[in-house]
Amino acid sequence: MTESTLIQRWQHVQSNMGDAQLVAVSKYTSDTNIETLLEAGHLDFGEAKPQNLRDRAQKYPQAHWHMIGPLQKNKAKYIGRFAYMWHSCCDIEAAKEVAKHIEGRRLPVFVQVNISGEPQKQGIQPDDVLLFLQKLDLIKELEVIGLMGMAAKGGGAKVAFSLLRQCRDAAIGQYPHVQGLCMGMSNDWRIAIEEGATMIRVGSEIFGQD
Ligand SMILES: *Cc1c(COP(=O)(O)O)cnc(C)c1O
């Protein structure tokens with residue numbers, strides 16, 4: 001893809017997402033494409049593997065590196081040290097481990113909720129959100145700023161995103177910082193925006209399938 005095509009694709013998403021924020025998911029793309037967007041003024045990138053996040057955060061410390069994938073406890077140190085934000089928090093032991101490696105700041109966190117009903121998907125169950133928030137509240141290094149969810153590939157995005165919004169609305173009275181809704185990927189971010197997403201994570205629609 002040429003630089004100008006990449007920038008057009010990025011701008012197309014930006015100009016259709018209202019006030020939401022965009023995390024450009026760079027997990028499959030080249031450093032060259034990241035550099036193109038950085039030069040165009042984009043700062044927020046998402047990585048799904050802790051080692052890749054660490055490597056890119058060291059290479060491009062001026063950018064914001066968002067951790068969006070599953071996390072094993074033994075890789076938690078990379079997230080504590082290098083992530084700007086952690087979107088896929090759904091395990092209390094991993095959260096404690098991440099917290100051990102945070103120095104001099106609080107790490108903003110989204111709690112990942114399984115809103116698609118697929119058993120193989122990551123995330124806590126919608127009914128367990130309040131209990132999980134109560135446990136996370138004790139980890140002072142983490143600041144929960146919202147909920148994150150993914151719709152099933154096959155569809156049902158509207159119902160799934162509306163469920164995440166209901167979970168957020170149910171939590172916000174007790175946990176006023178839990179305001180954000182991080183939802184929507186390449187094939188469903190428009191629906192996510194309609195359902196109130198405050199942040200979307202888009203990869204292939206910007207970077208292509210390379
Ligand atoms: C890969 C990934 C995305 C982006 O997916 P696209 O369909 O390429 O936009 C978003 N969120 C998570 C958690 C991902 O792993």
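Counting starts at 1 for both ligands and their atoms, in listed order. One-based numbering along the sequence shown.
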What protein heavy atom sits nearest [atom], and how far off is it?
{"atom": "atom 5 (O) of ligand 1", "result": "M185 CE, 3.5 Å"}
{"atom": "atom 8 (O) of ligand 1", "result": "S204 N, 2.8 Å"}
{"atom": "atom 11 (N) of ligand 1", "result": "R201 NE, 2.9 Å"}
{"atom": "atom 12 (C) of ligand 1", "result": "I68 CD1, 3.5 Å"}

**Q.** W65 and F45 aromatic ring geometry - parallel, tilted or perpendicular at 30°/60° bounds
**A.**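 Taking W65 first and then F45, their aromatic rings lie parallel (interplane angle under 30°).
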Q | salt_bridge(E205, R9) N-O dist < 4.0 Å | A |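 Salt bridge flag = no for R9 with E205.
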Q. So, E141 and R106, do they make that salt bridge, N to O below 4.0 Å?
A.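 So E141 does not pair with R106 through a salt bridge.
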**Q.** Residue-ligand contact K27/ligand 1, heavy atom below 4.0 Å
**A.**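 It does; at least one heavy atom falls under 4.0 Å.
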Q | Output field: ring centroids Y84/H66 closer than 6.0 Å | A |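 Ring centres of H66 and Y84 closer than 6.0 Å.
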(Q) Using a 6.0 Å distance limit plus a 45 degree cone around the ring axis, check whether R54 lies over the aromatic ring of F82. (A)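 R54 over F82 ring: no.
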**Q.** Atom indices of ligand 1, in the order listed, that fall short of 4.0 Å to a heavy atom of S186
**A.**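 Atoms satisfying the 4.0 Å criterion: 6 (P), 7 (O), 8 (O), 9 (O).
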**Q.** Contacting atoms of ligand 1, where contact means under 4.0 angstrom from a heavy atom of V202
**A.**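 Those of ligand 1 that fall under 4.0 Å from V202 are 9 (O).
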(Q) Looking only at distances, can you tell me whether any N or O atom of M150, backbone or side chain, sits closer than 3.5 Å to an N or O atom of ligand 1? (A)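 The answer is no, given that M150 and ligand 1 share no N or O pair closer than 3.5 Å.
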Q) Can you find a side-chain donor-acceptor pair between E35 and Y60 that sits under 3.5 Å? A)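 A donor-acceptor contact under 3.5 Å links the two side chains.
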